[in-house]
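Here's the structure we're looking at; comments come further down.
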Amino acid sequence: MEQKQTINFGAGPAKLPQSVLLQAQKELLNYSGLGISVLEMSHRSADFNKIINKSESLLRELLDIPDNYKVLFLQGGGSGQFSAVPLNLIGLKEDRCADYLVTGTWSAKAAKEAEKYGKVNIVHPKLESYTKIPDPSSWTLNPSASYVYYCCNETVHGVEYNFTPETNGVVLISDMSSNFLSRPIDVSKFGLIFAGAQKNIGSAGVTVVIVREDLLGHALKECPIVLDYKVQAEMNSLYNTPPCFSVYIMRLVLEWIKNNGGSAAMETLNKQKSSMIYEIIDSSNGFYVCPVDPSCRSRMNVPFHVGKKEGDDALEKKFLEGASKRGMISLKGHRSVGGMRTSLYNAVTLEDTAALADYMKVFLKEHQL
Ligand code: PLP
């Protein structure tokens with residue numbers, strides 16, 4: 001059966017809740033009776049202040065963020081934070097040294113960027129492939145490191161931490177760009193968390209940074225002022241023009257998350273959705289193959305090959321064509337790993353996932369030898 005509606009399984013920018021898009025459409029030309037669009041609104045206006053403050057209070061509520069943390073809305077994406085983190089925090093201790101866990105493309109890029117500003121210690125033996133998280137017993141953490149950094153969900157490889165690394169008191173930093181608000185977290189365990197909005201909480205352009213207050217004011221003198229957490233915290237993220245419309249869209253998405261049960265409800269749904277796909281992969285007798293160790297398979301991004309372990313090119317092409325006929329898009333894996341990848345962020349519904357699961361079963365029946 002062909003479906004008319006398009007289902008977006010993209011890794012980001014990604015599907016937004018329908019109700020959010022409808023509200024943004026409704027308010028596009030005339031926001032809240034003001035006669036102008038948020039796109040035209042001054043970031044210094046009282047009305048925009050209400051939008052940015054509401055985004056912050058929703059985030060604080062949804063993640064139960066303790067009072068001694070600042071919430072910043074910055075530009076430059078997750079990649080901007082790969083630089084901002086060392087620029088602000090590698091000087092926390094004299095040695096200018098930081099510990100990095102490298103479990104995929106994004107943490108590898110972050111570590112490379114940090115090398116420009118200090119010493120980087122990769123705390124575990126180098127991985128042959130990004131398909132597992134090295135056992136914590138094999139990590140060599142440096143007690144004089146300024147911080148320990150990891151990427152909580154590696155979007156390209158589909159590797160997700162289901163535990164919070166133990167750092168013996170050293171400041172812990174996490175890139176949660178692709179699993180932010182997909183499950184509850186204990187913010188108090190972290191010195192800093194950052195997340196680009198374009199996967200689970202909105203559109204591209206704004207990056208959320210949650211940072212403990214005592215970590216402000218340690219930036220290297222080379223740190224560009226727009227990336228200086230202390231400056232941005234003091235100015236309520238308004239040192240320069242913020243991505244106003246992205247902050248507004250984020251506010252709508254956060255309201256949607258709240259109205260749909262918050263991060264705990266998101267976690268329940270995300271577990272259900274990802275299990276649906278992994279179960280088909282695991283019961284396909286090797287027709288579908290997910291290379292990631294079951295202990296750290298991501299609930300957000302599920303990479304898989306079709307036909308055999310390293311993927312059968314012709315079958316994978318056919319799989320994508322068939323999916324497209326059913327309105328399912330953006331299932332092609334990241335160019336660096338090939339194969340398929342389905343992203344199951346918060347806005348992807350159980351029904352969307354069931355449609356993909358149905359298709360995978362039909363395709364399996366038709367093509368399994
Ligand atoms: N971190 C993670 C986990 C990502 O998935 C991405 C992008 O997909 C980034 C960082 C980089 O984000 P940006 O493209 O916004 O710089």
Side-chain angles (χ1 to χ4, degrees), residues 43-44 48-93 98 110 114 117 146-150 152 164 167 169-177 179-181 184-197 200-202 205-221 223-244 246-251 253-254 257-258 262-263:
H43 61 293
R44 306 272 173 222
F48 183 70
N49 249 283
K50 276 191 212 150
I51 293 175
I52 199 165
N53 289 342
K54 183 70 184 172
S55 300
E56 176 173 345
S57 64
L58 282 162
L59 265 178
R60 286 192 178 275
E61 183 182 341
L62 288 168
L63 286 172
D64 200 11
I65 300 175
D67 289 345
N68 62 329
Y69 284 74
K70 295 286 186 195
V71 177
L72 311 178
F73 301 111
L74 304 182
Q75 305 202 48
S79 306
Q81 291 308 307
F82 297 167
S83 323
V85 165
L87 279 163
N88 280 276
L89 300 174
I90 209 158
L92 269 179
K93 290 190 191 159
Y117 308 107
S146 292
Y147 60 83
V148 177
Y149 177 106
Y150 77 109
C152 197
T164 306
T167 64
V170 176
V171 170
L172 181 62
I173 297 189
S174 186
D175 172 3
M176 295 195 184
S177 293
N179 64 353
F180 193 61
L181 272 167
I185 43 162
D186 180 354
V187 174
S188 72
K189 290 189 170 163
F190 297 85
L192 182 144
I193 293 166
F194 71 84
N200 267 320
I201 54 160
V206 62
T207 306
V208 173
V209 174
I210 302 170
V211 55
R212 217 174 58 212
E213 273 169 1
D214 61 289
L215 301 177
L216 302 175
H218 299 277
L220 303 182
K221 68 173 182 344
C223 181
I225 196 156
V226 289
L227 294 181
D228 188 320
Y229 298 142
K230 183 164 185 276
V231 171
Q232 290 286 10
E234 281 169 357
M235 311 241 3
N236 200 25
S237 306
L238 297 175
Y239 170 77
N240 63 325
T241 316
C244 300
S246 302
V247 173
Y248 156 72
I249 294 290
M250 187 170 70
R251 195 206 78 198
V253 175
L254 296 174
I257 293 177
K258 184 179 164 180
S263 55

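Counting only distance, with no hydrogens or angles, the side chain of Gln232 and the backbone of Leu227 share no donor-acceptor pair below 3.5 Å. At distances below 3.5 Å, at least one donor-acceptor pair connects side-chain atoms of Ser177 with backbone N or O atoms of Gly196. Side chain of Tyr149 to backbone of Ala110: no donor-acceptor contact under 3.5 angstrom is found. Under a 3.5 Å cut-off, the side chain of Gln75 and the backbone N or O of Thr241 do form a donor-acceptor pair. In terms of modelled atom types and a separation under 3.5 Å, the side chain of Arg251 and the main chain of Leu58 share no donor-acceptor contact. With Asn200 contributing its side chain and Leu181 its backbone, the two residues share no donor-acceptor pair below 3.5 Å. Distance alone, capped at 3.5 Å, places no donor-acceptor pair between the Tyr117 side chain and the Cys223 backbone.
Taking each heavy atom of His43 and Phe48 in turn, the nearest pair found is O-CD2, 3.6 Å. Heavy-atom minimum distance, Asp228 versus Ala219: OD2-CB, 3.7 Å. A pairwise comparison of heavy atoms in Gly202 and Ile249 identifies CA-CG2, 4.1 Å as the closest pair. Of all heavy-atom pairs between Ile52 and Ser237, the closest is CD1-CB, 4.3 Å. When all heavy atoms are compared, the tightest approach of Gly205 to Ser246 is CA-OG, 4.0 Å.
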CA sep, side-chain torsions, deciding dist, call: Tyr69, Leu63, side-chain contact (heavy atoms from CB on, under 4.5 Å): CA-CA 12 Å; Tyr69 284 74; Leu63 286 172; over 6 Å; no
Tyr229 and Leu192: CA distance, side-chain angles, deciding distance, side-chain contact (heavy atoms from CB on, under 4.5 Å) verdict: CA-CA 11 Å; Tyr229 298 142; Leu192 182 144; 3.4 Å; yes
Steps toward side-chain contact (heavy atoms from CB on, under 4.5 Å) verdict (Met176, Val208): CA-CA 10 Å; Met176 295 195 184; Val208 173; over 6 Å; no
CA sep, side-chain torsions, deciding dist, call: Asn49, Leu238, side-chain contact (heavy atoms from CB on, under 4.5 Å): CA-CA 10 Å; Asn49 249 283; Leu238 297 175; 4.3 Å; yes
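Around CG of Asp67, the count of heavy atoms belonging to other residues, nucleotides or ligands within 6.0 Å does not exceed 12. Counted within 6.0 Å of NZ on Lys70, heavy atoms from surrounding residues, nucleotides or ligands total 12 or fewer; the atom is thus considered open.
When side chains are defined from C-beta on, Asn53 counts as touching Asn236, because their heavy atoms get closer than 4.5 Å. Contact check for Asp175 versus Val85: no side-chain heavy atoms found under the 4.5 Å cut-off. Between Leu254 and Leu59, the closest side-chain pair of non-hydrogen atoms falls below 4.5 Å. For the pair Ser263 and Ile257, the minimum side-chain heavy-atom distance is 4.5 Å or more.
Below 30°, between 30° and 60°, or above 60°: for Phe190 and Tyr150 the angle between ring planes is below 30°, a parallel geometry.
Here Ile193 contributes atom CD1 and Arg212 contributes atom CZ; the two are 11.0 Å apart, rounded to the nearest 0.5 Å. With rounding to the nearest 0.5 Å, the separation of OG1 in Thr164 from CG in Asp186 is 7.5 Å. Note: Met250 CE to Lys54 NZ = 13.0 Å, rounded to the nearest 0.5 Å.
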